[in-house]
J.: 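Next up is a structure, given as structure tokens.
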Amino acid sequence: MSPPKPLVAIVGRPNVGKSTLANRIVGRRAAVVQEKPGVTRDRREFPAEWNGRSFTVIDTGGWQQGKDADLIEDIRIQAETAVAGADLILFVVDAQGGITSDDAAVARLLRPETDSVVVVANKADNDTLSRESGAFTRLGLGEPLPVSAIHGHGVADLLDVLIQRLPDPHDGDIVEDPVPEVAVIGRPNVGKSTLLNRLVGDERVLVSPVPGTTRDPIDVMIELDGAEYRLIDTAGMRRKPKMSEDVEFFSVLRAREVLQRAHAALLMVDAADGVTHQDQRIARLAADSGAALVILANKWDAADLERREQTTYELGARLGFAGWAPVLRISALTGARLHRLGPALETVLENRSRRIPTAVLNRLITELAAEHPPPMRKGRRPRILFAAQSRSVPPTIALFVKGGTLDSTYLRFLERRLRQIYDFTGTPVRMVVRRGAGRARGR
């Protein structure tokens with residue numbers, strides 16, 4: 001899986017030279033530049049490179065206060081969307097004009113992202129303006145860097161700082177592990193260790209009918225259909241009242257930690273027992289973690305016809321909230337139908353990284369909202385101004401809303417319609433609601 005390039009968003013009020021700076025960084029005239037404020041209305045993305053590091057530059061429209069509601073609001077929402085998904089934010093101000101009320105307003109909006117902001121004092125075309133640019137420290141976002149985008153002065157120093165501030169390509173969620181980690185989860189004694197041993201082809205993990213044999217997560221490398229995976233066998237997760245030993249409690253905590261970093265999870269359900277309430281809890285934990293999910297109905301061949309029908313019903317009724325996860329009916333003991341696991345994992349991991357182009361997504365959400373408007377809340381009907389996919393692992397849709405918020409029922413409606421159009425089989429899709437410059441809300 002190739003790592004996505006870091007995103008660098010250029011924001012600021014109109015006519016401070018954002019597009020000129022974007023062109024200077026990219027090394028070509030990519031963004032339209034005119035003296036007239038407000039030429040850039042939509043955010044535009046351009047590939048860039050400096051000292052061997054590749055990244056993507058996002059040029060945004062001028063962020064300003066005012067009462068020209070629709071146009072200004074749309075431009076501001078576009079800029080906020082870029083900020084929401086950016087790894088680094090270049091806040092451009094005019095070194096020749098001093099701090100304006102619009103600069104102060106933008107600074108207030110960016111303050112929660114201070115650690116990711118670099119203030120760029122553009123149009124510092126001489127030494128005097130460079131020295132005076134220190135006044136922008138009053139914005140509370142750190143020491144400004146003076147540059148002249150039109151002449152190129154100081155841009156190399158800015159790029160050096162930019163490269164230093166970008167996330168390490170080998171850290172965090174910027175880069176996906178080239179070998180996907182797959183957590184095997186489920187209640188005690190549902191066959192997790194048996195599955196691992198079957199896939200490895202060796203008695204790698206102790207298998208016992210006594211629940212709770214596996215204490216610590218155990219990982220091994222396996223190959224399925226030519227693809228490598230790091231398979232992690234976790235302790236069976238029980239409800240707290242049934243944990244008689246502290247060691248079992250900490251085993252569950254470690255299993256939760258594994259889920260938080262796993263690319264995918266295999267939830268094993270005992271088909272002979274049916275789907276229990278604890279299976280529901282574990283499935284919810286997996287879905288909330290952001291990992292891709294495949295449900296394995298194990299011991300299928302050991303269940304009689306009536307039990308199979310009942311388990312099939314329970315999979316839909318009790319795990320309906322994860323109805324997007326594929327279900328494989330297998331036998332870890334005999335290996336029956338395990339040949340389907342490789343293609344299933346490949347599919348869900350690919351879908352977990354799926355990205356919808358902003359223009360396409362925004363048009364689709366706008367059409368859905370026009371066809372089925374959000375319900376009234378406290379006498380007001382919320383209006384979706386803009387939609388964008390803020391991240392792709394897992395797919396996360398940011399909805400910028402005016403006049404209230406969206407309830408969970410409407411968010412599920414939007415998610416369901418998206419799934420009808422795009423293949424998100426096996427991956428959770430997160431819907432996040434943003435109101436103006438407020439913090440994220442959603443489910």
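These values consider heavy atoms only, across backbone and side chains, with no hydrogens, waters or symmetry-generated copies.
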J.: Is a side-chain donor or acceptor of R430 paired with a backbone partner of A398 at a separation under 3.5 angstrom?
T.: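 Side chain of R430 to backbone of A398: no pair is present.
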J.: Restricting to non-hydrogen atoms, name the atom on D87 and the atom on P6 that form the minimum distance, rounded to 0.1 Å.
T.: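 That would be OD2-CA, 3.2 Å.
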J.: Could K18 and D59 be called an ion pair, given the rule that one side-chain N must be under 4.0 Å from one carboxylate O?
T.: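 Salt bridge between K18 and D59, a charged N being under 4.0 Å from a carboxylate O: no.
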J.: For the backbone of V275 and the side chain of E314, can you confirm whether one donor and one acceptor N or O come within less than 3.5 Å of each other?
T.: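 Yes, E314 side chain to V275 backbone: donor-acceptor pair under 3.5 Å.
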J.: Do other residues, nucleotides or ligands put more than 12 heavy atoms under 6.0 Å from the CZ atom of R381?
T.: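 Above 12, so yes.
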J.: Counting only heavy atoms not in L338 (residues, nucleotides, ligands), do more than 12 fall under 6.0 Å from its CG?
T.: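 More than 12 within 6.0 Å, yes.
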J.: With a 4.5 Å cut-off on side-chain heavy atoms, are I222 and V182 touching?
T.: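 V182 does not reach I222 side chain to side chain.
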J.: For D103 and T100, test the side chains for any donor-to-acceptor distance below 3.5 angstrom and give the result as yes or no.
T.: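 Yes.
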J.: With a sphere of 6.0 Å drawn around CD of Q280, does it hold more than 12 non-hydrogen atoms of other residues, nucleotides or ligands?
T.: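 Above 12, so yes.
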J.: Measure across A283 and L319 and return the closest heavy-atom pair with its distance rounded to 0.1 Å.
T.: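 Looking at all heavy atoms of both residues, the shortest contact is CB-CD2, 3.8 Å.
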J.: Could you pull out the closest heavy-atom pair between S133 and P144, with the gap in Å?
T.: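 Here S133 and P144 meet closest at O-CG, 3.1 Å.
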J.: Would you say V155 and L159 make side-chain contact, with heavy atoms under 4.5 Å?
T.: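 Yes, side chains in contact.
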J.: Where does the angle between the aromatic ring planes of H372 and F413 fall among parallel (under 30°), tilted (30 to 60°) and perpendicular (over 60°)?
T.: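 Perpendicular: the ring planes of H372 and F413 meet at over 60°.
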J.: Mark yes or no for whether R24, through its side chain, and H153, through its backbone, hold a donor-acceptor pair below 3.5 Å.
T.: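 The answer is no, because no donor-acceptor pair under 3.5 Å joins these two groups.
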J.: Consider side chain to side chain contact (heavy atoms under 4.5 Å, CB included). Of V16, N122, V119, which one does V93 pass it with?
T.: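 Only match with V93 under side chain to side chain contact (heavy atoms under 4.5 Å, CB included): V119.
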J.: Specify the closest pair of heavy atoms between L88 and S116, including all atoms of both residues, with the distance to one decimal.
T.: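 Heavy-atom minimum between the residues: CD1-O, 3.3 Å.
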J.: Contact between M431 and L418 at the side-chain level, heavy atoms closer than 4.5 Å - yes or no?
T.: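 Counting from C-beta outward, M431 and L418 do come under 4.5 Å.
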J.: For the residue pair E350 and D423, establish whether any side-chain heavy-atom pair is separated by less than 4.5 Å.
T.: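 Sidechains of D423 and E350: no contact.
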J.: Check for a donor-acceptor pair, side chain of R354 on one end and backbone N or O of P395 on the other, with a separation under 3.5 Å.
T.: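 No; zero donor-acceptor contacts below 3.5 Å.
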J.: Counting C-beta onward and ignoring hydrogens, is there a side-chain heavy-atom pair between L166 and W50 closer than 4.5 Å?
T.: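 They are not in side-chain contact.
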J.: What distance do I384 atom CD1 and L414 atom CG have between them, rounded to the nearest 0.5 Å?
T.: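 Reported value, rounded in 0.5 Å steps: 5.5 Å.
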J.: May I have the step-by-step check of side chain to side chain contact (heavy atoms under 4.5 Å, CB included) for I10 and V120, ending in yes or no?
T.: CA-CA 10 Å; I10 302 178; V120 181; over 6 Å; no
J.: Evaluate side chain to side chain contact (heavy atoms under 4.5 Å, CB included) for I25 paired with L90, printing each intermediate quantity in order.
T.: CA-CA 12 Å; I25 292 174; L90 302 185; 4.0 Å; yes
J.: Which atoms form the tightest heavy-atom contact between P428 and A291, and what is the distance?
T.: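 Shortest heavy-atom contact: CD-O, 3.3 Å.
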J.: So, the side chain of T427 versus the backbone of F424: is there a donor-acceptor pair under 3.5 Å, distance only?
T.: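 Side chain of T427 to backbone of F424: no pair is present.
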J.: Looking at side-chain heavy atoms only, is the closest gap between D94 and N15 below 4.5 Å?
T.: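 Not touching, per the 4.5 Å side-chain cut-off.
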J.: Would a distance-only check, ignoring hydrogens and angles, find a side-chain to backbone donor-acceptor pair under 3.5 Å from R284 to A322?
T.: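 Not confirmed, R284 side chain does not pair with A322 backbone.
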J.: Give me the one residue out of L259, I185, L267 that meets side chain to side chain contact (heavy atoms under 4.5 Å, CB included) with L285.
T.: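 Between L285 and the candidates, side chain to side chain contact (heavy atoms under 4.5 Å, CB included) is satisfied uniquely by L259.
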J.: With heavy-atom distances below 4.5 Å as the criterion, would you say the side chains of Y422 and L361 are in contact?
T.: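 Answer no - side chains too far apart.
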J.: Is there a side-chain contact between L129 and K123 (heavy atoms, below 4.5 Å)?
T.: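 Heavy-atom side-chain distance check fails, nothing below 4.5 Å.
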J.: Evaluate the criterion side chain to side chain contact (heavy atoms under 4.5 Å, CB included) for residue pair F55 and I163; output intermediate values, then yes/no.
T.: CA-CA 9 Å; F55 54 95; I163 293 302; 4.0 Å; yes
J.: Would you check, one step at a time, whether the test side chain to side chain contact (heavy atoms under 4.5 Å, CB included) holds for L158 with V118?
T.: CA-CA 9 Å; L158 169 62; V118 175; 4.2 Å; yes
J.: If I take atom OG1 from residue T425 and atom CG from residue L293, how far apart are they, to the nearest 0.5 angstrom?
T.: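 Those atoms lie 12.0 Å apart.
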J.: Between T114 and G140, what is the shortest heavy-atom contact and its length?
T.: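 What the structure gives for the nearest pair is CG2-O, 4.4 Å.
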J.: Does CZ belonging to R380 count more than 12 external heavy atoms closer than 6.0 Å?
T.: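 Not buried by this count: 12 neighbours or fewer within 6.0 Å.
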J.: Between atom CG of L368 and atom CD1 of I421, what is the distance when rounded to the nearest 0.5 Å?
T.: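 Reported to 0.5 Å precision, the distance equals 6.0 Å.
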J.: Would you give the length of the straight line joining atom CD1 of I282 to atom CD1 of I295, rounded to the nearest 0.5 angstrom?
T.: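 Result: 11.5 Å between the selected atoms.
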J.: When rounded to the nearest 0.5 angstrom, what distance separates CG in L328 from CZ in R337?
T.: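 One gets 10.0 Å once the value is rounded to the nearest 0.5 Å.
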J.: Can you tell me how far the OG1 atom of T366 sits from the CG atom of L385, to the nearest 0.5 Å?
T.: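 If I round to the nearest 0.5 Å, the distance is 9.0 Å.
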J.: Looking at I356, is its backbone amide N or carbonyl O close enough to the side chain of T358 to form a donor-acceptor pair, meaning the two atoms are under 3.5 Å apart?
T.: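 No.
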J.: Return yes if some donor-acceptor pair links the side-chain N/O of N298 with the main-chain N/O of A332 below 3.5 Å, else return no.
T.: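 Pair found, side chain donor or acceptor close to backbone of A332.
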